[in-house]
Participant: 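Have a look at the structure that comes next, please.
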Amino acid sequence: MNSKRDKLIEQAKNAYGHMANWATQDHVVASSAGFGSGESQHQNPEQYYEIALESAIEQIQSGKFDNSPSDFNIVEYLANQKSKATRIHDSIQNTKYNMEFSSELMALADDPHRLRELKARNDARQEALQSFERDLKEAEAAEQLQFDLK
């Protein structure tokens, strides 16, 4: 077996293990704080990182990174890859945060023009959220199918 590949696989396992621990802690905190509504269908962190680690190991074993000069950059690259469902989920969370922040600004707005502008932005965000939710369900179903096939 290739010792550089073995070393990369061990580094990837360690990196993904740390990320899974942090994500699990964040998931528990968010769920207990009430931010987890509707997220029970969202892939749990352990499952996500298990799939991501399997993909990283496959890429390493295939020799994709054999000519790379830096092991750290490879592990960092692999660790920063997010699934489509995770990217959509992040977008949903950011949109909800922006809506909440905008609502707070609306409560303080004195200018009717500014108030209309903020309301229009929140209306557009609400429409985007509906689309994100549909996209998230599709992406999660595709990822679950991929996970079930492995």
Participant: Kindly say whether Ser91 contributes a backbone atom to a donor-acceptor pair with the side chain of Thr95 at under 3.5 angstrom?
Facilitator: yes
Participant: Can you name the residues that form a side-chain contact (heavy atoms from CB on, under 4.5 Å) with Glu127, not counting sequence neighbours?
Facilitator: none
Participant: Quick one: pull up NE2 in His89 and CD1 in Ile92 and give me the separation to the nearest 0.5 Å.
Facilitator: 6.5 Å
Participant: Is there a salt bridge (Lys or Arg N to Asp or Glu O under 4.0 Å) between Asp135 and Lys84? Walk through the geometry before answering.
Facilitator: CA-CA 9 Å; Asp135 293 346; Lys84 182 176 182 179; over 6 Å; no
Participant: Got a sec, which residues hit side-chain contact (heavy atoms from CB on, under 4.5 Å) with Ser62, two or more places apart in sequence or on another chain?
Facilitator: Lys64
Participant: Please enumerate all residues that pass side-chain contact (heavy atoms from CB on, under 4.5 Å) together with Glu10, with sequence neighbours excluded.
Facilitator: Lys13
Participant: Please report the interatomic distance CD1(Ile9) to CD(Glu58), rounded to the nearest 0.5 Å.
Facilitator: 10.5 Å
Participant: What pairs with Asp90 under side chain to side chain donor-acceptor pair (under 3.5 Å), at least two apart in sequence or on another chain?
Facilitator: Lys82
Participant: Under the side chain to side chain contact (heavy atoms under 4.5 Å, CB included) rule, what do Lys7 and Lys4 come out as? Steps first, then yes or no, please.
Facilitator: CA-CA 5 Å; Lys7 180 180 172 187; Lys4 180 177 180 179; 5.7 Å; no
Participant: What distance separates Lys137 NZ from Arg134 CZ, expressed to the nearest 0.5 Å?
Facilitator: 9.5 Å
Participant: Taking all non-hydrogen atoms of both residues into account, name the closest pair between Ala12 and Ile60 and its distance.
Facilitator: CB-CD1, 4.2 Å
Participant: Compare every heavy atom of Phe132 with every heavy atom of Ile88, then report the nearest pair and how far apart it is.
Facilitator: CG2-O, 3.4 Å
Participant: Indicate every side-chain donor-acceptor pair of residues 112-122 with a distance under 3.5 Å to a residue at least two apart or in another chain.
Facilitator:
| residue | atom | partner | partner atom | Å |
| --- | --- | --- | --- | --- |
| Arg114 | NH1 | Glu117 | OE2 | 2.7 |
| Lys119 | NZ | Asp123 | OD1 | 3.4 |
| Lys119 | NZ | Asp123 | OD2 | 3.4 |
| Asn122 | OD1 | Arg125 | NH1 | 3.0 |
| Asn122 | ND2 | Met99 | O | 3.2 |
| Asn122 | ND2 | Ser103 | OG | 3.3 |

Participant: With Asn94, which residues qualify under side chain to side chain donor-acceptor pair (under 3.5 Å), at least two apart?
Facilitator: none
